[in-house]
Chemist: 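Got a structure for you, questions after.
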Amino acid sequence: MTVHSKTNHCKIVDCTVRDGGLVNNWDFSVEFVQDLYESLNASGVEYMEVGYKNSPKLLKSEGTEGPWRFLDDEFLRKVIQKKNTKLSALVDVGRVDEADVLLRSDSMLDLIRVACYARDTAKAIELGTLFHERGYETTINIMALSGVMDNELNESLAMINDSPIDVVYIVDSFGSLDPDDIRFLVEKFRRSLKNKRLGVHTHNNLQLAFANTLTAAQLGVELLDASVYGMGRAAGNTPTELLLAKLTRPEYSLRPVLGMIEKHMIKLREKEEWGYLIPDMITGTLDEHPRSAMGWRASAKRDLFTEFYDKMTTPEVFHGN
């Protein structure tokens, strides 16, 4: 069976603005986002995640974030001329005001994704159910799966199985998983979630984001997160252009996204840093949050890799004390 025939069910969710915004404080121009939307639509990408729908009232705002950090429907209506590509936003449990989320019939958004840790699954279900009732497609994205105890994950999945949530995500927050881990998790999620579709979100700390995403796709996972030129927090994500090239579905076209990379991403990559880097590789190998690698890269010691490795593998540091 070819990759093409195994992945006809897949849909791409481009996260360039939302996850990439973690790199540049969501400082994307309106022209950038408009061009990105046009290129994704022309390439046949099904969803564009245009930012966060969190509330500045519930999440400390520095006042310097771009508008994609706290999305406003009126602003989106002025900025984006919607075509075939649907719009998505992500919210975090405890950081979204329900009153800020309109009925889907009144909103520019089609899909709202709720990110949570396993311990907050019940709260995520409550939020996702509310968005479902307001007409949205919904997902729950369980973060940091590599650190979740098996019994806790079983409880979370059992709760989600009885909810109206459409899609449940396997999220490799620390970029520490490999294809065998993805296979294990897909099989586990499928056993526990009889009537749910699955999604996958990967990070590239170990140069495995694309391989992990493709593995999930071939196992029947439907929603595949990606970002143009791999732009995302720290090591970045699966590149959208790689999925467009490899899935080779007739409705997908690589060329428009290459134009986006030429026009915007090359210049942006010279200004901002993301993608595979040794400190990110080290945190991925150790199954640690990337914040320590990001802090190291922002310091004067940014290229002292052995010192960073020694620091991360010293017992008192490794255990967070």
Side-chain angles (χ1 to χ4, degrees), residues 9-15 18-19 45-55 58-59 71 73 76 82 84-145 148 150-173 182 185-201 216-217 219-225:
H9 61 282
C10 294
K11 296 178 175 64
I12 297 173
V13 181
D14 183 87
C15 305
R18 200 272 308 166
D19 207 327
V45 171
E46 289 84 359
Y47 295 88
M48 170 176 160
E49 191 151 80
V50 72
Y52 281 95
K53 190 60 179 168
N54 289 332
S55 170
L58 300 175
L59 178 64
L71 287 172
D73 280 277
L76 282 181
K82 276 188 71 176
N84 292 327
T85 298
K86 296 179 179 181
L87 294 181
S88 165
L90 187 136
V91 302
D92 296 304
V93 167
R95 293 177 171 179
V96 57
D97 185 342
E98 299 168 7
D100 291 340
V101 181
L102 305 174
L103 293 173
R104 182 179 178 181
S105 56
D106 299 325
S107 174
M108 288 287 285
L109 300 172
D110 303 284
L111 168 67
I112 298 184
R113 312 199 298 169
V114 181
C116 71
Y117 293 105
R119 63 179 178 269
D120 293 323
T121 298
K123 295 176 183 177
I125 291 172
E126 184 179 350
L127 267 179
T129 299
L130 175 69
F131 300 145
H132 171 80
E133 291 169 351
R134 292 183 183 177
Y136 294 95
E137 300 172 48
T138 56
T139 83
I140 286 181
N141 298 27
I142 304 176
M143 299 184 291
L145 279 175
V148 180
D150 199 52
N151 61 331
E152 185 179 16
L153 183 55
N154 289 340
E155 291 173 8
S156 293
L157 297 180
M159 285 190 284
I160 296 171
N161 190 52
D162 295 329
S163 77
I165 303 302
D166 297 306
V167 180
V168 187
Y169 260 80
I170 295 165
V171 182
D172 182 16
S173 299
I182 296 295
L185 287 167
V186 170
E187 290 168 4
K188 182 179 184 64
F189 274 52
R190 183 161 288 130
R191 284 195 306 270
S192 301
L193 302 166
K194 301 298 185 184
N195 302 308
K196 303 298 181 188
R197 295 144 57 204
L198 301 181
V200 66
H201 180 94
L219 292 170
V221 171
E222 181 177 339
L223 294 189
L224 312 179
D225 281 17

Chemist: Nearest heavy-atom pair of Val148 and Ala144: which atoms, and what distance?
Modeler: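 Minimum heavy-atom contact is CG2-O, 3.4 Å.
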
Chemist: For a 4.5 angstrom cut-off between non-hydrogen side-chain atoms, does Thr138 reach Val114?
Modeler: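 Side-chain contact under 4.5 Å: no.
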
Chemist: Quick one, Lys11 and Glu222 - any side-chain contact, counting heavy atoms below 4.5 Å?
Modeler: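 Result yes, sub-4.5 Å side-chain heavy-atom pair found.
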
Chemist: Below 4.5 Å, heavy atoms only, C-beta onward: do Leu145 and Phe189 meet side chain to side chain?
Modeler: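 Counting from C-beta outward, Leu145 and Phe189 do come under 4.5 Å.
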
Chemist: Closest heavy-atom contact between Lys53 and Val91?
Modeler: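 Minimum heavy-atom separation between Lys53 and Val91: CB-CG1, 3.6 Å.
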
Chemist: Out of curiosity, Ile160 CD1 to Ile142 CD1, how far, rounded to the nearest 0.5 Å?
Modeler: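 Reported to 0.5 Å precision, the distance equals 4.0 Å.
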
Chemist: Are side-chain heavy atoms of Ser55 and Glu98 found at a separation under 4.5 Å?
Modeler: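 No - every pair of side-chain heavy atoms lies 4.5 Å or more apart.
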
Chemist: Just so I know, are the side chains of Leu103 and Tyr136 near enough to count as touching, which here means a heavy-atom distance under 4.5 Å?
Modeler: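 Contact flag for Leu103/Tyr136 side chains = no.
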
Chemist: Consider only side-chain N and O atoms of Asp110 and Tyr47, and report whether a donor and an acceptor are under 3.5 Å apart.
Modeler: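 Side-chain D/A pair, Asp110 to Tyr47: absent.
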
Chemist: Test Thr139 against every option in Ile112, Leu111, Leu198 by the side-chain contact (heavy atoms from CB on, under 4.5 Å) rule and name the one that passes.
Modeler: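 Considering Ile112, Leu111, Leu198, a side-chain contact (heavy atoms from CB on, under 4.5 Å) with Thr139 is found only for Leu111.
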
Chemist: Which heavy atom of Cys15 sits nearest a heavy atom of Asp225, and at what distance?
Modeler: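 Cys15 and Asp225 have their closest heavy atoms at SG-OD2, 3.6 Å.
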
Chemist: To the nearest 0.5 Å, what is the distance between CD1 on Ile125 and CG on Asp162?
Modeler: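 CG of Asp162 is found 8.0 Å from CD1 of Ile125.
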
Chemist: I'd like to check Met108 versus Lys82 (side-chain heavy atoms, cut-off strictly below 4.5 Å). Are they in contact?
Modeler: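 In contact.
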
Chemist: With a 4.5 Å cut-off on side-chain heavy atoms, are Leu90 and Asp19 touching?
Modeler: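 Side-chain contact under 4.5 Å: no.
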
Chemist: On a heavy-atom basis, which atom in Val93 and which in Cys116 lie closest, and how many Å separate them?
Modeler: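 Heavy atoms only, the tightest pair is CG2-CB, 3.7 Å.
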
Chemist: Restricting to non-hydrogen atoms, name the atom on Pro164 and the atom on Lys196 that form the minimum distance, rounded to 0.1 Å.
Modeler: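 Result for this residue pair: C-NZ, 3.8 Å.
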
Chemist: Would a 4.5 Å heavy-atom cut-off, applied to side chains only, mark Arg113 and Glu137 as touching?
Modeler: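 Of all side-chain heavy-atom pairs linking Glu137 with Arg113, none is under 4.5 Å.
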
Chemist: What pair of heavy atoms forms the shortest contact from Met143 to Ala115, and how long is it?
Modeler: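 Smallest interatomic distance, heavy atoms only, reads SD-CB, 4.0 Å.
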
